[in-house]
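Only one structure is covered here, and it is reproduced in the block below.
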Amino acid sequence: IMCASAKYNTRGPALIPRMKTKHRIYYITLFSIVLLGLIATGMFQFWPHSIESSSDWTVEKRSIHDVPVVKLPADSPIPERGDLSCRMHTCFDVYRCGFNPKNKIKVYIYSLKKYVDEYGTSVSNTISREYNELLTAISDSEFYTDDVNRACLFVPSIDVLNQNALRIKETAQALAQLSRWDRGTNHLLFNMLPGGPPDYNTALDVPRDRALLAGGGFSTWTYRQGYDVSIPVYSPLSGEVDLPERGPGPRRYFILSSQMALHPEYRLELEALQAESGESVLILDKCTNLSDGVPAVRKRCYKNQVFDYPQVLQESTFCVVLRGARLGQAVLSDVLQAGCVPVIIADSYILPFSEVLDWKRASVVIPEEKMLEMYSILQSIPQRQIEEMQRQARWFWEAYFRSMKAIALATLQIINDRIYPYAAISYEEWNDPPAVKWSSVSNPLFLPLIPPQSQGFTAVVLTYDRVESLFRVITEVSKVPSLSKLLVVWNNQNKNPPEESLWPKIRVPLKVVRTAENKLSNRFFPYDEIETEAVLAIDDDIIMLTSDELQFGYEVWREFPDRLVGYPGRLHLWDHEMNKWKYESEWTNEVSMVLTGAAFYHKYFNYLYTYKMPGDIKNWVDAHMNCEDIAMNFLVANVTGKSVIKVTPRKKFKCPECTAIDGLSLDQTHMVERSECINKFASVFGTMPLKVVEHRADPVLYKDDFPEKLKSFPNIGSL
Amino acid sequence: RKAEARRSWPRWTDRSLLKSFVDPEELQRDGDPSLLSPRERRAAWLSAYRGSRCRMETCFDFSRCEKHGFKVFTYPQERGQPVSETYGKILSSIERSRYHTASPEEACLFILSIDTLDRDHLSGQYIRNVDEKIRGFPLWNGGRNHLIFNLYSGTWPDYAGDLGFDIGQAILAKASFDTESFRPGFDISIPLFSKEHPQRGGDRGWLYQDSVPPKKKYLLVFKGKRYLTGIGSGTRNALHHIHNGKDIISLTTCKHGKDWEKHKDTRCDKDNIDYERFDYQELLHNSTFCVVPRGRRLGSFRFLEALQAACIPVLLSDGWELPFAEAIDWGKAAVVGSERLLLQIPSAVRCIHPERVLAFQQQTQFLWDAYFSSVDKIVHTTLEIIKDRLSPHRSRSRLLWNALPGGLLVLPDFSTHLGDFPFYYLQHGYSSSKKFTAFIRAVSQAGSLSQPILRLIQAVSGSQYCGQIVVLWSCEKPPPPSGKWPQTTVPLTIIQGRRQLSDRFFPFEAIQTDAVLSLDEDTSLSTSEVDFAFLVWRSFPERIVGFSTQSHFWDPEQGRWGYTSRWTNELSIVLTAAAFYHRYYHSLFTEYLPAGLRQLVDGLAACEDILMNVLVAAVTKLPPIKVTQRKLHKEVAAQQAECRDGAAGTPPPGQRSPSAPHSAPAKVKGTAGSRRFSQRQDCLNQLADWFGYMPLVSSQLRLDPVLFKDQVSVLRKKYPSLEK
């Protein structure tokens, strides 16, 4: 019941089941009761959420100096050290999160306190700018709750971003006295600078028992895979300096190193590299004689040359990110921002958000022992790939590094994905930059399957009142060997379909569905009666197609089940004079659409047409009573990125009964309307998805000098 | 509660005065570097991170893999030391692979001949005294660079991960791996598979139909044992709660082990009766989701069974390191549930959108076929994952592992850029190459160039899409000097090749475009044909697009595959005497296929084109594409390995004739044609045997220009000359 909104009706809303009135009333009543029930449960379920929008929240305005002071007795308990064996199923209490229709965890933030020891000396700075930003971001997000009883995850307001800025034992004591601490279960700590001299541990040294750690600088030995979250070390320069995105391509330097306090061993190796490779390698260091007032963090020097930092990073294709005392380095963030491809040299380092980010697409990881081979390794990377990595690097920064908010939300989303894996964000959503998301397609029918011939196809005939012609179509189509069912969509509400005894007797089941409204979109509804994958949409006046022609169309569809396979082809063209798209009819050498007066396609596209058609196209088509076929062509091409397949020589559907409307003027109006449709759809889709090709599909031996009786499809039809 | 004000994080009035978490200069300098020498630190790691804390950088000797590359050595079988059927298959997979070496000096990775698959000491297959035996091996070296396979470890009652011997620094490839003992980036979790699992090829998945909404009878099923006591019983005891008798069928039986009746509870009798009413296979075939709970161990056969059946696995096995999770994104193919939240599973799976269900189903089939359907695939996936770790910059991204055609078919040594492969154009919005390389194999030789090759060069260089011409001179006599070659508008390169047939599919550096037009020197083509075929190829860059075709068929009388070059209504092979394909297939042909297959082709001096077609079909699962041919080309003219002299390029009449209907070679017994025919047929059968199935796929269509042979003015037609 809770996911009713996510379920699709298999019956269209416009359809009234064919049943006796008595039953109809019964069903309508039943339906209303269920509906009321649903609304009631829905209200009950959603009521508390609906008033949670952030604008209604009271926002306190007070000074940081007004926060309550908490005195920690010297003997107050200290949590256990972190447990290295913790995993979600052992140390995390999922029952607190529960099943909820939004698949969102609820995160609670403890209110801010100032902790002092027995002598009144403070344990740490109350809160840093960055941690305040992070908590503000969580508080503004969909994850936030102020109700400690409904929370799944708890975030202490005790700032542990920088281990060097706090007193370890007392901070641990402060954590232990939090109201819901419970050995740290479901508590999340954020730390960017772990460890301290001399050995710099790779994870926060504050004892934290079962708490999850979002840490910057994990090594493979301290990171609890699937439990902790590896986060970036935030670079405050991100907020200060605006580096506009630079287009990908070769840059002045090939390799650049910008870090200031490199270990002499590393520096020696880098200098050796520079000596070998010449001017394309630039090894910068801190500047020794800067005039007063110039911040050292914003300058780098090579010999006597002074460079602006981080701007200089944009001058290089690759930028070295070496480990320092810690594994995580803020320079990684600067490098990504500059769109420079990071070369990460930090053995055993767990890269930020590695649980979801595919770093191979944005960086090069080189083992410390192979540092001297850096130049040749980087040289072997194809130029086109470097350009993609540059774009990817910048995208990672924009999405996951640029602010404390980005870091906080990515961390929570990762934990959320673990708890609701069936609603997790996909690899593509995490990793593909917007430009790729925009230009790429993910074909919903991606598996190369050739459907078995035995399945056959369902012919769907849309009809209004041309009974005689309809019956002829039924008789003709029923001759096609692979037809498995015939479905007549009776689109006329003012007239009943003929009595059952009058219908042609055919060898396959014949079903009639009546529609509630005379809409064109009814022809593309995913009726339950369609039990095959293949649908043949056919108009009630298409009587000229031969049985061989239809059977061949079906065979071609089997080889291209994710495409529209049709007979007459049509083309769209760019009209340079009018600066818009134009519809072109027969006798072109190219094809980009097929008419759906008779076309094979996968039933899935009915589902898409009915439920996933972008914008208002579906209603627009119903209102204008035109262009449903063009809409279908757009839809399929947009989702698959593929062209249509035009089969056989046929160029038009001649319709003997409707010669009356074959006038020239009408023809022109028709072309104008069709052109308008193309322009309308292209603007709704935001792109022109149609693909132009120069080929059509014929039987292998078509027009070959070969005995006709030995050909599979001798009677393939005419123009 | 509602009356109370809701509180968000305060907007501190003085927040602009807050200090940063770190001083900027300190952040950039990061500690005092003089304290730690990187070299010393690495040396200290080597002793600190051993055994259960092994990582590649501490327990694996990379230097062994530098000189000879990734080579795998299998210890020779010792007499009196039988191995199980399954371990035999694993060893033979490795020995058949392109990485195998017989020399331990060359080896990067070592595989024991001792069967370590079953380490349950109550089992009959259990091998005793492994520790002692291993210590006797001079190559063992504390397990460094060794890979150990294991399917079962531990025993009743706790089924712990104990192997009963010290693996030292060896990499463990183990089924039912738990996350706690798994050494990330070092060990490999493999799936549990039965001893009937095929060596190669493997059955295809069961998904034949993509339907939305999923039309299966059941939503979620389980049928299996309910442990009354012991490890794993917690989850199995609860499974009956989700049974609703309608779309969720969850059946358990108490019957297992000798003394189940001792522990039986009140449910058992009824459950046992219900259990018998449903057939496991029937449930597997007819359900959208399958519950895959832990058994005594974390993994189960059920996992691969569900995957093959396209029954989306709902995993209830907390702490299981999923098979090949280093490479495979299981979130795209399975629902990773939590044992503790069993009762939420029905509502969770009900809420998954139909499109997502369809994507899940297709992904199960892709993964099954790419990595799991045979022992070969499981073993090769294991090896490739290790190989990827050796040079991270030449390894597969997660995207390559999780998109068609799968990681095993994508060689990072060819390129790591997606756009260089024929498979990812649409996913990444690349466009296929706009120029092609005409690649002509010349075998005839005379004082001057033959007429056909001159005509051919003229025709292809006339195409606006031709970027270069490369001639592979497969003749001992040197090629004519450059002055004798025709002047062309595009660059013409001559490569001195070897005489082997497989040489024509070598990834020559000289080929600089993605599209290759493979040609025999005596092929006759017109510029229009080339233009049209190239435009078609651009729509199907992963397939072979060509002119002359042949087809294969199953010959039930002979019980083998037959092939025919006669005109038929179908085609499954496009002759590479004139065909477009992506140059990546040269790399796959030369690097991916084992040397044995190329030797087969070279030995027979035939069927290199069949092998290429089989390879491409195995990769794409799709048929090749035939396009219009103006008139008849050279079809099956014997490709003589010898260089002919004099009247080159004019083989004896009759053999050359491609005219329809082709004289059945079987009828002209004793001629070279029939020998060649039967060689090709043998070859086809040997290839099917090596692949473990018949990869070729048939097509019933040909692509023609839109106005081909239509009764309209030729002036309207773009390719009028194709109709002559």
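Letters A, B, ... are given to chains in the order of the sequence lines, protein chains preceding strands, and every chain is numbered from 1. Being a predicted model, the structure only gives us computed values, none of them experimental.
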### Task
Report the option among B:E180, B:K626, B:E570 that has the most heavy-atom pairs separated by less than 4.5 Å from atoms of chain A.
B:E180

### Task
Identify which part of B:L701 has an atom lying under 4.5 Å from any heavy atom of chain A, answering side chain, backbone, both or neither.
both

### Residue part contacting chain B, namely of A:L237, when any heavy atom lies under 4.5 Å
side chain

### Spatial distance of atom CG (A:N132) from atom NZ (B:K19) [nearest 0.5 Å]
15.0 Å

### Query
Can any side-chain N or O of A:N589 pair as donor or acceptor with the backbone N or O of B:R716 at less than 3.5 Å?
yes

### Query
Is the closest side-chain donor-acceptor distance between A:E533 and B:Q209 under 3.5 Å?
no

### Task
With a 4.5 angstrom heavy-atom cut-off, could you sort out which part of B:K718 is near chain A: side chain, backbone, both or neither?
both

### Message
Less than 3.5 Å apart, any donor N or O on the side chain of A:S426 or B:K332 sitting next to an acceptor on the other?
### Response
no

### Query
Checking B:S551 against chain A: side chain, backbone, both or neither under 4.5 Å from a heavy atom?
neither

### Query
Short question: side chain of A:D698, backbone of B:R702 - any donor-acceptor pair under 3.5 Å?
no

### Task
Would you confirm whether A:D146, through its side chain, and B:R7, through its main-chain N or O, come within 3.5 Å as a donor-acceptor pair?
yes

### Query
Side chain, backbone, both or neither: which part of A:R418 has a heavy atom under 4.5 Å from chain B?
neither

#### Entry: B:K215 side chain vs A:E531 backbone, donor-acceptor pair below 3.5 Å
yes

### Query
Crowded around A:E369 CD? As in, over 12 foreign heavy atoms under 6.0 Å?
no

### Message
Report which part of B:L399 has an atom under 4.5 Å of a heavy atom belonging to chain A: side chain, backbone, both, or neither.
### Response
both

### Query
In terms of heavy-atom proximity below 4.5 Å to chain B, should A:I127 be classed as side chain, backbone, both, or neither?
both

## Note on the structure
Honestly, the part of A:N443 sitting under 4.5 Å from a heavy atom of chain B is neither

### Query
Are B:E339 and A:H89 linked by a side-chain donor-acceptor pair shorter than 3.5 Å?
no

### Query
Does atom CZ of B:R39 have more than 12 heavy-atom neighbours from other groups under 6.0 Å away?
no

### Query
When you check the side-chain N and O atoms of B:E355 and A:Y607, is any donor under 3.5 Å from an acceptor?
yes

### Residue among B:E25, B:R204, B:R183 with most heavy-atom pairs under 4.5 Å to chain A
B:E25

### Task
Assess the side chains of A:D347 and B:W45: does a donor N or O sit below 3.5 Å from an acceptor N or O?
no

### Task
Could you tell me which of A:D417, A:V441, A:N431 has the largest number of non-hydrogen atom pairs under 4.5 Å with chain B?
A:V441

### Query
Which of the residues B:G319, B:G331, B:P24, B:P392 is involved in the greatest number of heavy-atom pairs with chain A at under 4.5 angstrom?
B:G319

### Task
Evaluate side-chain contact (heavy atoms from CB on, under 4.5 Å) for A:R129 paired with B:F21, printing each intermediate quantity in order.
CA-CA 7 Å; A:R129 185 169 66 224; B:F21 73 114; over 6 Å; no

### Query
Any chance the side chains of A:E694 and B:Y719 put a donor and an acceptor closer than 3.5 Å?
yes

### Task
Please determine, among A:E590, A:K603, A:K646, A:Q455, the option with the most heavy-atom pairs under 4.5 Å with chain B.
A:Q455

### Query
Looking at A:H602, A:K370, A:Q259, which has the largest count of heavy-atom pairs under 4.5 Å with chain B?
A:H602

### Message
Using only atom types and a distance under 3.5 Å, with no angle test, would you say the side chain of B:H393 pairs donor to acceptor with the backbone of A:I381?
### Response
no

### Message
Counting heavy-atom pairs closer than 4.5 Å to chain B, which one of A:G226, A:A424, A:P451, A:A165 comes out on top?
### Response
A:A424

### Query
Given the rule in the side-chain contact (heavy atoms from CB on, under 4.5 Å) test, do B:L426 and A:T640 qualify, once you have shown the distances and angles that lead to the verdict?
CA-CA 8 Å; B:L426 292 171; A:T640 62; over 6 Å; no

### Query
At a heavy-atom separation under 4.5 Å, does B:R538 approach chain A through its side chain, its backbone, both, or neither?
neither

### Task
Name the region of A:L193, side chain, backbone, both or neither, that has any atom closer than 4.5 Å to a heavy atom of chain B.
side chain

### Ring-ring centroid check A:H695 B:F540, cutoff 6.0 Å
yes

### Task
Would you mind checking which part of B:F532 comes under 4.5 Å of any heavy atom in chain A, side chain (CB onward), backbone (N, CA, C, O), both or neither?
side chain

### Task
Verify, without hydrogens or angle tests, whether A:K711 (side chain) and B:N569 (backbone) share a donor-acceptor contact under 3.5 angstrom.
no

#### Entry: Step-by-step side-chain contact (heavy atoms from CB on, under 4.5 Å) determination, B:H428 to A:V436
CA-CA 6 Å; B:H428 273 258; A:V436 173; 3.7 Å; yes

#### Entry: Option in B:L341, B:L418, B:L571, B:D329 with maximal non-hydrogen atom pairs under 4.5 Å from chain A
B:L341

#### Entry: B:W567 and A:V700: CA distance, side-chain angles, deciding distance, side-chain contact (heavy atoms from CB on, under 4.5 Å) verdict
CA-CA 9 Å; B:W567 284 26; A:V700 175; over 6 Å; no

### Query
With a 4.5 angstrom heavy-atom cut-off, which part of B:F708 approaches chain A: side chain, backbone, both or neither?
both

### Query
Most heavy-atom pairs under 4.5 angstrom with chain B, which of A:V364, A:V591, A:V556, A:L445?
A:L445

### Side-chain heavy-atom pair A:Y422, B:V336 within 4.5 angstrom cut-off
no

## Note on the structure
Distance col, row B:K621:NZ vs A:I450:CD1, nearest 0.5 angstrom, shows 11.5 Å

### Message
Report which part of A:I109 has an atom under 4.5 Å of a heavy atom belonging to chain B: side chain, backbone, both, or neither.
### Response
side chain

### Task
Please state whether the side chain, the backbone, both or neither of B:E321 comes within less than 4.5 Å of a heavy atom of chain A.
neither

### Task
Answer yes or no: is there a donor N or O on one side and an acceptor on the other, between the side chain of B:W12 and the main chain of A:R62, under 3.5 Å?
no

### Task
Give a yes or no on whether the backbone of A:I64 and the side-chain of B:D14 come within a donor-acceptor separation of less than 3.5 Å.
yes

### Task
Between chain B and each of A:E368, A:M260, A:K286, count heavy-atom pairs under 4.5 Å; write down the option with the most.
A:E368

### Summary
Looking only at B:Q700, B:Q344, B:K709, B:E57, most heavy-atom pairs under 4.5 Å shared with chain A are made by B:Q700

### Query
Could you give the distance from CG (B:D30) to CD (A:Q329), rounded to the nearest 0.5 Å?
4.5 Å

### Query
Which atoms of A:S712 come close to chain B, meaning under 4.5 Å heavy atom to heavy atom: side chain ones, backbone ones, both, or neither?
both

### Message
Distance check, rounded to the nearest 0.5 Å: A:Y95 atom OH versus B:S338 atom OG?
### Response
7.0 Å

### Test item: side-chain donor near acceptor, B:T416 and A:Q385, under 3.5 Å
yes

## Note on the structure
Rounding to 0.5 Å, atoms OG (B:S20) and OH (A:Y234) come to a distance of 8.0 Å

#### Entry: chain A interface, residue from B:L358, B:V335, B:V349 that has the most non-hydrogen pairs under 4.5 Å
B:L358

#### Entry: A:T588, part contacting chain B, at a heavy-atom distance under 4.5 Å
backbone

### Task
Give, for atom OG of A:S440 and atom OH of B:Y424, the distance between the pair rounded to the nearest 0.5 Å.
14.5 Å

